[in-house]
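This report refers to the structure that appears directly beneath it.
Owing to the predicted nature of the structure, the values given are computational and were not obtained by experimental measurement. Counting from 1, the numbers follow the sequence of the chain as shown.
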Amino acid sequence: MTQTSANDVLFLLIGAILVLAMHAGFAFLELGTVRKKNQVNALVKILTDFAISALAYFFVGYGVAYGVHFFSDVSHISQANGYELVKFFFLLTFAAAIPAIVSGGIAERARLHPQSAATFLLVGLVYPFFEGIVWNGHFGIQDWLAANFGAPFHDFAGSVVVHAVGGWIALAAVLLLGARRGRYTREGRVSAHPPSSIPFLALGAWILIVGWFGFNVMSAQKVGGISGLVAVNSLMAMVGGTLTAMWAGRDDPGFIHNGPLAGLVAVCAGSDVMHPLSALLTGGVAGVMFVYLFTLTQNRWKIDDVLGVWPLHGLCGAWGGIAAGLFGQHWLGGAGGVSLASQLIGTAAGISIGFGGGYLVYGVLKKVVGIRLSDEEEFNGADLSIHNITATPERESNW
């Protein structure tokens, strides 16, 4: 074992821990956005979904994506200081982002254990199916794209593989669940459900922002592949998304704290090939996209996506896949090696597999066991209905 290889293990382990920490960000972002009667449920879902994702990915998903399993003896699986094990840990934290993304869309009215079953199926089968195509060359699709369009589909850190797929799965789940009780009236009015805690929402955003540098930079998976360009591009996209969301959202704190996340979602795919100025523009476009598309989704199309995960991850992720094909070009200051046609095809494939797979999983569960709380359970809140406790029980009148 060389020192360089040991450094690779440490490098990837730090990345895995940073992305694991992002799940606390998902939890607090959801906790701060939902109403107080659903705060406990937000925290419980993110943790239990991660645990179920770990089992699904260990026993099924990692093998589907990479053809690797860990059922042989310890001396074999721990070779090279356990690099393959740490690689699994790192990629698991990406896979587990799928149910964490979905959780924000279906908040406040989804049943807990059917969601757990959905998590196992999504992380075990749907997500790794597309992951294997993009990051492990399954079915020769990447080779076909390279032969016909000059380059394979490029997604360095998962704008499409993770975020777009997760966001379009969430859209399918939200459509099948229906809107929250009382959200839209028969007269066509929209009932406002303001965030329960801007401080918790902001805390979640900040945890995600910091962890994202592990998400993007450590996607190199080896110390020798580390790139300051990826770090600075992530920074610039985050800044661009923040400022444009502030402008487009008219200083609304919810938009301001989701803006940097929109920018970071969009820059994942091309963070290793685009110029920092292009990353700033990519993030800036994503910030505006989130504000306007969130508003359209909620108010005009009446799709009750609580955290706006379809605009944030599904649509900004798709924009990121396309942006990599644009700003990665030499003539726009990029590193080259990308094809806009391949990016369009790969992004469309991710959307199709995400939405189709999500609709199938949640559609079957809806028909077989049901996926939604009863009206009474939803009215009382998921905290009391599922967990028998609220976030602040000492303040309840019946305490």
Side-chain angles (χ1 to χ4, degrees), residues 18-19 22 25 29 154-164 167 202 205-220 225-295 308 311-340 343-344 346-347:
L18 281 168
V19 185
M22 290 176 72
L29 190 73
H154 183 88
D155 192 355
F156 180 70
S159 285
V160 177
V161 174
V162 178
H163 297 288
W206 271 110
I207 294 170
L208 286 165
I209 289 167
V210 173
W212 223 298
F213 288 87
F215 195 97
N216 284 1
V217 175
M218 270 71 169
S219 285
I226 194 169
S227 171
L229 177 66
V230 175
V232 172
N233 279 346
S234 301
L235 174 71
M236 296 300 276
M238 183 269 284
V239 168
T242 304
L243 295 177
T244 58
M246 177 186 70
W247 169 77
R250 300 181 182 181
D251 303 330
D252 180 280
F255 286 136
I256 289 171
H257 285 92
N258 276 282
L261 310 183
L264 284 161
V265 164
V267 83
C268 288
S271 56
D272 62 328
V273 295
M274 61 175 63
H275 189 278
L277 292 176
S278 297
L280 179 66
L281 179 59
T282 298
V285 169
V288 173
M289 281 178 62
F290 175 72
V291 172
Y292 285 113
L293 289 167
F294 178 87
T295 305
L312 181 67
H313 297 276
L315 297 177
C316 291
W319 157 239
I322 297 165
L326 289 170
F327 299 121
Q329 303 284 347
H330 282 302
W331 64 279
L332 284 173
V338 293
S339 159
L340 181 57
Q343 295 306 114
L344 290 167
T347 300

Student check: side-chain heavy atoms of Asn258 and Leu29 closer than 4.5 Å
yes
Could you tell me the separation between the OG atom of Ser227 and the CG atom of Asn233, rounded to the nearest 0.5 Å?
8.0 Å
Stepwise side chain to side chain contact (heavy atoms under 4.5 Å, CB included) check, Leu208 with Met22
CA-CA 5 Å; Leu208 286 165; Met22 290 176 72; 3.9 Å; yes
The reported gap from CD1 in Ile209 to CG in Leu235 (rounded to nearest 0.5 angstrom) is 10.5 Å
Side chain to side chain contact (heavy atoms under 4.5 Å, CB included) between Asp272 and Leu229, intermediate numbers included:
CA-CA 6 Å; Asp272 62 328; Leu229 177 66; 5.6 Å; no
Mind listing the closest non-hydrogen atom pair of Ala318 and Ala164 along with its distance?
N-CB, 4.0 Å
For the residue pair Ile256 and Pro260, what are the closest heavy atoms and their distance?
O-CD, 2.9 Å
Mutual orientation of the aromatic rings belonging to Phe156 and His154 [parallel < 30°, tilted 30-60°, perpendicular > 60°]:
parallel
Asn216 and Ser271 side chains, donor-acceptor separation under 3.5 Å:
no
Return the minimal non-hydrogen interatomic distance between Gly308 and Phe290, and the atom names on each side.
O-CE1, 3.5 Å
Which distance, rounded to the nearest 0.5 Å, do you find between the CG of Leu280 and the NE2 of His275?
11.0 Å
Considering the options Val267, Leu264, Val285, Val265, which one meets the side-chain contact (heavy atoms from CB on, under 4.5 Å) requirement together with Cys316?
Val265
Calculate, to the nearest 0.5 Å, the distance between atoms OG1 and CG belonging to Thr347 and Leu340 respectively.
9.0 Å
Gap between atom CG of Leu18 and atom CD1 of Ile207 - 0.5 Å precision:
12.0 Å
List the steps and the verdict of side chain to side chain contact (heavy atoms under 4.5 Å, CB included) for Cys268 and Trp212.
CA-CA 9 Å; Cys268 288; Trp212 223 298; 3.3 Å; yes
Heavy atoms of Gly321 and Ser159 approach each other most closely as N-CB, 4.2 Å
Can you check side chain to side chain contact (heavy atoms under 4.5 Å, CB included) on Phe294 and Leu315, steps first, answer last?
CA-CA 10 Å; Phe294 178 87; Leu315 297 177; over 6 Å; no
Heavy-atom closest pair (Ala266 atom, Trp319 atom, distance to 0.1 Å) is CB-CD1, 3.7 Å
Atom of Leu332, atom of Phe327 and distance for their closest heavy-atom approach
CD1-CD2, 4.0 Å
Spacing of Met246 atom CE and His257 atom NE2 [to the nearest 0.5 Å]:
12.0 Å
Would you call the rings of His313 and His163 parallel, tilted or perpendicular, taking 30° and 60° as the class edges?
parallel
